[in-house]
Amino acid sequence: EVQLQASGGGLVQAGGSLRLSCAASRFTFDDYAIGWFRQAPGKDRESVACITSLKTSPSYADSVKDRFTISSDSAKNTVYLQMNRVSPEDTATYYCAAATQVPIPTALYYCAGYGMNYWGKGTLVTVSS
């Protein structure tokens, strides 16, 4: 079974940077969609960024656009989330999720949660002001 392990969370000051990693095991980087989601205390889970193997543009939440970048390294079976210019509003537990079938090429579809059949445990990001 596919396993996803998110890491890289921690405490960072506002304006700083952090890189999260999502290591996938028993997973083939040939046909996939992987996304980052987050959930802040007392709030609903929201999508952050998603990427597919279909060479379409990644999808980003408006709140992170131009600050966060999602990328993948198939040689390392890892997807990254580079977080720049973080703010206290980015404080949340971040989860990565994967879809192993990608009938829809648009990354936004998977950021809406459709097709994400594997979820990893989260990594906590705390941004201090």
Side-chain angles (χ1 to χ4, degrees):
E1 180 173 301
V2 171
Q3 293 184 340
L4 304 173
Q5 180 64 54
S7 62
L11 177 64
V12 60
Q13 286 190 331
S17 298
L18 204 62
R19 189 177 79 161
L20 305 184
S21 300
C22 176
S25 59
R26 304 187 184 96
F27 186 82
T28 301
F29 268 66
D30 290 331
D31 190 23
Y32 68 89
I34 291 185
W36 287 96
F37 298 78
R38 68 185 181 186
Q39 187 166 20
K43 294 188 177 181
D44 293 334
R45 186 183 68 199
E46 61 176 352
S47 64
V48 177
C50 296
I51 191 170
T52 78
S53 59
L54 302 175
K55 309 301 182 185
T56 54
S57 298
S59 174
Y60 294 95
D62 288 342
S63 59
V64 308
K65 206 169 289 184
D66 299 325
R67 298 189 299 121
F68 292 8
T69 302
I70 188 171
S71 62
S72 64
D73 186 337
S74 58
K76 296 183 178 180
N77 270 24
T78 301
V79 172
Y80 302 98
L81 183 69
Q82 178 67 43
M83 306 168 61
N84 297 328
R85 304 196 312 277
V86 297
S87 71
E89 287 71 34
D90 296 319
T91 295
T93 298
Y94 285 71
Y95 302 87
C96 58
T100 52
Q101 294 182 353
V102 284
I104 306 297
T106 308
L108 179 61
Y109 174 85
Y110 304 96
C111 262
Y114 298 113
M116 291 300 196
N117 48 344
Y118 294 100
W119 291 79
K121 294 182 180 179
T123 184
L124 177 63
V125 173
T126 304
V127 183
S128 62
S129 58

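- A distance of 11.0 Å separates OG1 of Thr123 from CG of Leu81, quoted to the nearest 0.5 Å.
- Between Ser7 atom OG and Arg19 atom CZ the span is 9.0 Å, to the nearest 0.5 Å.
- Side chain of Thr78 to backbone of Ser21: no donor-acceptor contact under 3.5 angstrom is found.
- Under the 4.5 Å side-chain heavy-atom criterion for grouping Ile, Leu, Val, Met, Phe, Trp and Tyr, Ile104 is connected to Leu54 within one hydrophobic cluster.
- Here the closest heavy-atom approach between residue Lys121 and residue Ala6 is recorded as O-CB, 3.5 Å.
- In summary, the side chains of Ser72 and Tyr32 do present a donor paired with an acceptor at a separation below 3.5 Å, with no hydrogens or angles considered.
- Among all heavy-atom pairs drawn from Pro58 and Tyr60, the shortest one is CB-CE1, 3.8 Å.
- Applying the 6.0 Å contact sphere to CD of Gln13 captures no more than 12 heavy atoms from other residues, nucleotides or ligands.
- For the pair Met83/Arg67, no side-chain contact is recorded, criterion being any heavy-atom separation below 4.5 Å from C-beta on.
- Contact of the Phe27 side chain with the Ile34 side chain is registered, since non-hydrogen atoms from C-beta on lie closer than 4.5 Å.
- Looking at Ile70 and Val79, their side chains come closer than 4.5 Å, going by heavy atoms from C-beta outward.
- The two residues Val2 and Thr100 make their nearest non-hydrogen contact at CG2-CG2, 4.2 Å.
- For the pair Phe68/Val86, a side-chain contact is recorded, criterion being any heavy-atom separation below 4.5 Å from C-beta on.
- The CE atom of Met116 sits 4.5 Å away from atom SG of Cys50, with the distance rounded to the nearest 0.5 Å.
- A chain of hydrophobic side-chain contacts below 4.5 Å, direct or via other Ile, Leu, Val, Met, Phe, Trp or Tyr residues, connects Val12 to Val48.
- Using a 4.0 Å cut-off between charged side-chain N and carboxylate O, Arg85 and Asp66 make no salt bridge.
- The two residues Ser47 and Cys111 come nearest to each other via the heavy atoms CB-O, 3.0 Å.
- Pairing each heavy atom of Pro105 with each of Pro103, the nearest pair is CD-O, 3.9 Å.
- With contacts defined as side-chain heavy-atom distances shorter than 4.5 Å, the pair Tyr110/Ile51 does not qualify.
- At least one donor-acceptor pair under 3.5 Å links the side chain of Thr91 to the backbone N or O of Val127.
- For Ala14 against Ser129, the heavy-atom pair with the smallest separation is CB-CA, 4.3 Å.
- Side-chain contact between Val102 and Tyr109: absent, with no pair of heavy atoms (C-beta onward) separated by less than 4.5 Å.
- Interatomic distance, Thr52 OG1 to Leu108 CG, rounded to the nearest 0.5 Å: 11.5 Å.
- Atom OH in Tyr95 sits 13.0 Å away from atom CG in Leu20 (nearest 0.5 Å).
- A single hydrophobic cluster is not seen to contain both Leu18 and Tyr80; linkage of ILVMFWY side chains at heavy-atom distances under 4.5 Å, directly or through other members, places them apart.
- Taken to the nearest 0.5 Å, the OG atom of Ser63 stands 7.0 Å off from the CG atom of Asp90.
- Between Tyr118 and Glu1 the shortest side-chain heavy-atom distance falls below 4.5 Å.
- For Phe37 and Trp119, the ring centers sit closer than 6.0 Å to each other.
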